Amino acid sequence: MKMKFFDCVEMKRQAQAKLMREYESRKEEFESYVDFLNSTARTDPLVVAFRKKHSESLIH
């Protein structure tokens with residue numbers, strides 16, 4: 001049997017919980033959770049690099 005090294009559902013749950021904690025601590029800076037997520041994505045180096053690399057295939 002193949003050994004499972006990580007649980008992707010748990011990893012997603014933890015990432016979402018981390019984002020929600022950050023939002024809760026900073027929500028006075030944003031109009032909504034979506035506004036927070038968009039702002040976070042605009043400043044995240046991994047998201048910026050991904051968008052730059054795949055800009056022609058992304059829906060604007």
Side-chain angles (χ1 to χ4, degrees):
M1 184 161 80
K2 193 172 187 178
M3 186 177 233
K4 190 173 184 180
F5 292 100
F6 68 94
D7 182 338
C8 60
V9 173
E10 179 61 20
M11 184 173 65
K12 179 182 175 190
R13 189 199 65 74
Q14 289 175 5
Q16 289 173 327
K18 180 182 174 197
L19 280 170
M20 186 55 77
R21 284 191 304 274
E22 183 178 350
Y23 171 68
E24 288 296 329
S25 71
R26 300 177 55 203
K27 68 179 171 181
E28 66 281 344
E29 300 173 39
F30 305 97
E31 291 185 26
S32 67
Y33 185 61
V34 171
D35 186 32
F36 164 75
L37 291 176
N38 288 328
S39 176
T40 301
R42 282 191 300 274
T43 60
D44 185 304
L46 291 174
V47 175
V48 171
F50 176 86
R51 287 180 173 171
K52 185 176 181 180
K53 183 176 180 180
H54 300 284
S55 62
E56 61 277 350
S57 63
L58 296 174
I59 299 171
H60 297 283

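In what follows, residues are counted from 1 in the order of the sequence shown. Model, not experiment: these values are computed from the prediction. Hydrogens, waters and symmetry mates are skipped; everything else that's a heavy atom, side chains included, is used.
Under the side-chain contact (heavy atoms from CB on, under 4.5 Å) criterion, V34 pairs with S32, N38, sequence neighbours left out. Take R13 and apply the side chain to side chain donor-acceptor pair (under 3.5 Å) test, not counting sequence neighbours, and it matches E10.
Between E24 and K27 there is a salt bridge, since at least one side-chain N of the basic residue sits less than 4.0 Å from a carboxylate O of the acidic one.
Side-chain contacts under 4.5 Å among hydrophobic residues (ILVMFWY), followed directly or transitively, place Y33 together with L19, M20, Y23, F30, F36, L37.
Applying the salt bridge (Lys or Arg N to Asp or Glu O under 4.0 Å) definition to pairs two or more places apart or across chains, those involving residues 28-50 are R26-E29.
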